[in-house]
> 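Below you will find the structure I want to go over with you.
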Number of protein chains: 2
Amino acid sequence: MNKKIILIDMDGVLADFEGGFLKAWKKKFPHHPHVPLEQRKTFRLLENYPGNLEKEIGSILTAPGFFENLSIIPRGKEAIAKMQALGHEVFICTSPISKYENCVLEKYHWVSKNLGYEWTKRMIVTKDKTLVIGDMLIDDRPEHLGLKKPVWKYVLFDAPFNKHIKTNLRITWKNWEKILNL
Amino acid sequence: MNKKIILIDMDGVLADFEGGFLKAWKKKFPHHPHVPLEQRKTFRLLENYPGNLEKEIGSILTAPGFFENLSIIPRGKEAIAKMQALGHEVFICTSPISKYENCVLEKYHWVSKNLGYEWTKRMIVTKDKTLVIGDMLIDDRPEHLGLKKPVWKYVLFDAPFNKHIKTNLRITWKNWEKILNL
């Protein structure tokens with residue numbers, strides 16, 4: 001078999017970042033508008049909300065517990081376990097927000113709690129994923145800008161805000177096996 | 001000019017891991033033997049101490065504040081600033097200890113405090129540095145094992161425990177400019 005290095009994004013692919021944000025947003029700012037995931041037009045949260053709410057959005061993302069308490073996206077854990085069982089090398093490749101204080105360590109805690117401690121040893125934390133080597137990156141971000149032309153094949157994890165991207169490699173955790181044929 | 005991606009290890013290259021350990025060790029365990037840096041035979045701390053002290057060594061490395069309070073290695077900050085000023089892209093490439101709890105976030109704090117907040121955006125945290133792309137990696141570890149044959153040139157940062165490695169690319173923060181000729 002052809003052993004592959006598979007990089008897996010965290011927010012929106014393993015951890016329910018969007019759901020966690022919406023829930024916290026509606027609770028903390030019930031009188032502000034909110035944008036349900038299916039109506040999100042672009043990847044960056046900020047671009048989907050009125051510009052004057054930037055501070056409020058930041059206050060959700062940087063709050064202690066936000067990243068640690070995100071729900072797990074159904075079937076994600078089983079999918080990466082299956083990839084490993086097939087003999088591939090799976091790594092969790094994640095970009096922290098710039099205000100790293102309550103993000104970086106909580107991402108490790110999240111992985112330990114939701115996927116198991118051993119997975120924390122397979123984390124690669126970087127703001128520039130184009131500097132990471134892999135056969136593929138599974139990510140919901142529409143495009144990746146970085147210093148290098150990526151060496152990985154880009155597998156788009158399906159999301160409402162990336163529907164405009166044309167690709168044969170669009171997956172969910174329901175259909176990934178058929179599409180990736182690992 | 002030829003713009004290079006330069007990966008810089010943290011412990012032993014920018015942060016005085018060895019000095020910080022010795023100081024904490026002598027303070028916490030004054031009656032146990034200690035091994036001065038110049039007498040260290042191998043890279044891994046544990047291998048230089050009697051086997052029955054593993055738990056005590058771990059207690060130093062996992063203590064809150066250990067990583068955050070390491071001193072900065074003289075001239076390191078100036079060196080990486082100079083590399084950036086020359087037009088190169090410098091990243092801090094660091095491997096956390098497996099007990100990540102008091103290590104990962106403190107490494108970010110250390111970088112922010114000692115090098116400046118903007119450098120935290122240039123951190124790449126991974127246990128396997130062979131998965132990172134760069135033109136060179138500056139590191140004091142004698143050898144790098146990982147999933148891939150590294151794409152970077154290996155620049156050894158001089159340390160007592162890596163003297164046995166034969167290389168033309170051995171630097172300190174005093175002579176790096178002459179040897180690397182960036």
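Chain A is the first sequence line, chain B the second, and so forth, proteins listed ahead of strands; every chain is numbered from 1. Basis for what follows: all heavy atoms, side chains included, without hydrogens, waters or symmetry-related copies. None of the values given here were measured: they were computed from a predicted structure.
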> Less than 4.5 Å to any heavy atom of chain A: does that hold for the side chain of B/Lys148, its backbone, both, or neither?
side chain
> What part of A/Leu131 is in contact with chain B, defined as an atom under 4.5 angstrom from a non-hydrogen atom: side chain, backbone, both or neither?
both
> Tell me whether B/Trp152 is reachable from B/Ile138 by hopping between hydrophobic residues (I, L, V, M, F, W, Y) whose side-chain heavy atoms are closer than 4.5 Å.
no
> Are B/Val35 and B/Phe43 joined in one hydrophobic group, where the rule is that I, L, V, M, F, W and Y side chains link up if heavy atoms are under 4.5 Å apart?
no
> Is B/Ile92 linked to A/Leu147 within one hydrophobic cluster, defined over Ile, Leu, Val, Met, Phe, Trp and Tyr using a side-chain heavy-atom separation of less than 4.5 Å?
no
> Is A/Ser95 close to chain B through its backbone or its side chain, or both, or neither, when contacts mean heavy atoms under 4.5 Å?
neither
> Between B/Val111 and A/Tyr100, does the side chain to side chain contact (heavy atoms under 4.5 Å, CB included) criterion hold? Intermediate values first, please.
CA-CA 12 Å; B/Val111 165; A/Tyr100 61 81; over 6 Å; no
> If we only count heavy atoms from C-beta on, is the A/Lys127 to B/Met123 side-chain gap below 4.5 Å?
no
> Find the one option among B/Thr126, B/Val125, B/Leu105, B/Asp128 whose heavy-atom pairs under 4.5 Å with chain A are most numerous.
B/Val125
> Between A/Thr120 and chain B, which part of the residue has a heavy atom less than 4.5 Å away: side chain, backbone, both or neither?
side chain
> Tell me whether the count of non-hydrogen atoms from other residues, nucleotides or ligands lying under 6.0 Å of CD in B/Glu47 goes above 12.
yes
> More than 12 non-hydrogen atoms from neighbouring residues, nucleotides or ligands closer than 6.0 Å to NZ on A/Lys113, yes or no?
yes
> How far apart are the closest heavy atoms of B/Ser98 and A/Tyr117, and which atoms are they?
O-OH, 3.0 Å
> Measure A/Ile5 against the heavy atoms of chain B and call it side chain, backbone, both or neither at under 4.5 Å.
side chain
> Looking at B/Lys163, I want to see if its NZ is surrounded by more than 12 non-hydrogen atoms of other residues, nucleotides or ligands under 6.0 Å.
yes
> Given that the side chain runs from C-beta out, which part of A/Glu106 has a heavy atom under 4.5 Å from chain B: side chain, backbone, both or neither?
neither
> Around B/Glu177, counting heavy atoms of other residues, nucleotides and ligands shown, do more than 12 lie under 6.0 Å from its CD?
yes
